[in-house]
Chemist: 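I'd like to ask you about the structure that follows.
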Number of protein chains: 2
Amino acid sequence: MRTIEKTDEYLKAHGIMPSYQRIRVFDYLHNNRNHPTVDSIYKELVGDIPSLSKTTVYNTLRLFNEKGIILIINIEDNESRFDADISNHGHFKCKECGEIFDFDLGKDDLHILKLEEFSIDEQHVYLKGRCPKCK
Amino acid sequence: MRTIEKTDEYLKAHGIMPSYQRIRVFDYLHNNRNHPTVDSIYKELVGDIPSLSKTTVYNTLRLFNEKGIILIINIEDNESRFDADISNHGHFKCKECGEIFDFDLGKDDLHILKLEEFSIDEQHVYLKGRCPKCK
DNA sequence: TATAAATTTGTAATGATTACAAAGTTGTAA
DNA sequence: TTACAACTTTGTAATCATTACAAATTTATA
Ligand SMILES: [Mn+2]
Ligand SMILES: [Mn+2]
Ligand SMILES: [Zn+2]
Ligand SMILES: [Zn+2]
């Protein structure tokens with residue numbers, strides 16, 4: 001479990017003013033690596049922070065993404081998911097149980113010839129199917 | 001330009017009753033490889049088919065996807081795009097001009113070790129950045 | 001032709017996300 | 001401390017893509 005003090009420094013180091021709400025949202029993402037939705041983040045935190053607004057969660061997550069400390073996962077077309085693991089990795093979603101699994105990408109995968117002339121900012125690899133338990 | 005007769009056969013071969021609307025939607029996708037949205041498909045076709053309903057476009061595209069003759073591209077989180085090219089390829093979206101480019105994936109890319117035990121149905125590779133023109 | 005099945009259509013509902021402005025908080029300078 | 005500006009949070013309303021639904025139309029079958 002990440003401590004408040006550490007998160008405070010981490011946010012500051014990335015140009016983010018560490019308000020209480022922002023710290024709590026980041027800690028939640030840091031401690032829950034199951035790629036939660038806005039709704040699940042909100043529902044979890046509003047128990048502790050009764051005044052919390054869902055708009056704040058949206059604003060905070062957008063800010064975190066702009067500052068580069070979280071990834072937005074759009075493996076599902078009808079809702080975004082969020083990830084404090086900003087390493088270059090892929091996501092697998094099981095169509096049966098809904099769980100989203102991380103997997104490593106080869107070191108310099110996707111060094112596509114045709115894209116020599118393109119400048120690449122983001123890379124997303126999404127797979128869907130059945131996980132070992134559900135298969 | 002694909003002829004109506006050919007599309008008619010193609011749809012039948014995939015268990016799809018070739019109604020006039022379905023043929024026109026498929027032909028549009030087959031002839032426009034720029035990954036159009038529901039709205040652009042609808043706006044283009046309703047000029048020719050005044051009775052066309054956007055619901056029909058949605059229904060038709062969902063059916064095509066279920067039958068495996070088109071891909072749904074969710075590179076953008078706020079709208080789906082559609083592709084009659086069902087070969088295994090990746091998509092690059094330019095953040096400047098918005099254009100979506102196709103690119104080849106290595107033959108058996110993404111043969112990830114960790115995923116040996118998983119059964120993979122779909123694979124999506126999305127990149128974002130600047131295209132050569134906009135860079 | 002008559003009847004059933006499939007398809008299309010228009011409208012209403014859904015639901016995630018965004019816009020917006022008021023309220024609250026924090027930092028700073030006098 | 002006080003005053004003011006900047007920043008953050010909050011609640012509500014709007015947006016907008018997509019889906020639900022049932023009536024109307026078309027097509028298939030007997
Ligand atoms: Mn992840
Ligand atoms: Mn494509
Ligand atoms: Zn599963
Ligand atoms: Zn461009």
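Order of the sequence lines fixes the chain letters, A, B, ..., with proteins taken first and strands second; residue numbering starts at 1 for each chain.
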Chemist: Nearest-Å distance, CZ (Arg22(A)) to C1' (dT8(D))?
Modeler: 6 Å

Chemist: Does Arg130(B) have any salt bridge (charged side-chain N to carboxylate O under 4.0 Å, His left out) partners at least two apart in sequence or in another chain, and if so, which?
Modeler: Glu96(B)

Chemist: Applying salt bridge (charged side-chain N to carboxylate O under 4.0 Å, His left out), name anything that partners Lys128(B), two or more places apart in sequence or on another chain.
Modeler: none

Chemist: Please list, in numerical order, the residues of residues 64-85 of chain B that have a heavy atom closer than 4.0 Å to any atom of DNA chain D.
Modeler: Asn78(B), Glu79(B), Ser80(B)

Chemist: In residues 37-52 of chain B, which ones come under 4.0 Å of DNA chain C, going by heavy atoms?
Modeler: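 Result for residues 37-52 of chain B: Ser51(B), Leu52(B), sorted by number.
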
Chemist: Please tabulate, for the side chains in residues 62-71 of chain B, all donor-acceptor contacts under 3.5 angstrom to protein atoms that are two or more places apart in sequence or on a different chain.
Modeler:
residue: Arg62(B); atom: NH2; partner: Asn59(B); partner atom: OD1; Å: 3.1
residue: Asn65(B); atom: ND2; partner: Ile70(B); partner atom: O; Å: 3.2

Chemist: Kindly write out the residues that satisfy side chain to side chain contact (heavy atoms under 4.5 Å, CB included) with Asn34(A), not counting sequence neighbours, or none if the list is empty.
Modeler: Asn32(A), Pro36(A)

Chemist: Centroid separation under 6.0 Å, is that true for the rings of Tyr28(B) and His30(B)?
Modeler: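 Ring-ring flag for His30(B)/Tyr28(B): false, centres at least 6.0 Å apart.
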
Chemist: Given that Leu63(A) and Lys54(A) both sit by DNA chain D, which one's nearest nucleotide is further toward the 5' end?
Modeler: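 Between the two, 5'-proximity favours Leu63(A).
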
Chemist: For Thr55(B), report the nucleic acid contact type (base, sugar-phosphate, nothing); a contact means any heavy atom under 4.0 Å.
Modeler: base

Chemist: Should Gln21(B) be listed as having a side-chain N or O under 4.0 Å from OP1 or OP2 of dT26(D)?
Modeler: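 Answer is no, no contact under 4.0 Å.
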
Chemist: When the ring centroid of Phe103(A) is compared with that of Phe92(A), is the distance short of 6.0 Å?
Modeler: no

Chemist: For Glu44(A), enumerate each residue passing the salt bridge (charged side-chain N to carboxylate O under 4.0 Å, His left out) test, keeping only those at least two apart in sequence or located in another chain.
Modeler: none

Chemist: How many Å lie between CE on Met17(B) and P on dT26(D), as a whole number?
Modeler: 13 Å

Chemist: Please find the earliest and latest nucleotides of DNA chain C, in the 5' to 3' direction, that have an atom within less than 4.0 Å of any heavy atom of chain B.
Modeler: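 So the contact region on DNA chain C extends dT7(C) to dT11(C).
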
Chemist: Quick one: is dT18(D) close enough that its OP1 or OP2 comes under 4.0 Å of any side-chain N or O from Arg62(B)?
Modeler: no

Chemist: Could you list the residues that satisfy side chain to side chain contact (heavy atoms under 4.5 Å, CB included) with Pro18(A), not counting sequence neighbours?
Modeler: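 So Pro18(A) forms a side chain to side chain contact (heavy atoms under 4.5 Å, CB included) with Asp8(A), Leu11(A), Lys12(A), Ile23(A).
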
Chemist: Can you list the residues that meet the side chain to side chain contact (heavy atoms under 4.5 Å, CB included) rule with Ser51(B), with sequence neighbours excluded?
Modeler: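 Residues passing side chain to side chain contact (heavy atoms under 4.5 Å, CB included) with Ser51(B): Ile49(B).
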
Chemist: For dT10(D), take OP1 and OP2 only and decide whether either is under 4.0 Å from a side-chain N or O of Thr56(A).
Modeler: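 Checking dT10(D) against Thr56(A), a side-chain N or O does come within under 4.0 Å of OP1 or OP2.
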
Chemist: Kindly write out the residues that satisfy salt bridge (charged side-chain N to carboxylate O under 4.0 Å, His left out) with Lys54(A), not counting sequence neighbours, or none if the list is empty.
Modeler: Asp39(A)

Chemist: Using the test side chain to side chain contact (heavy atoms under 4.5 Å, CB included), find all partners of Asn78(B) that sit at least two apart in sequence or belong to another chain.
Modeler: Glu76(B)

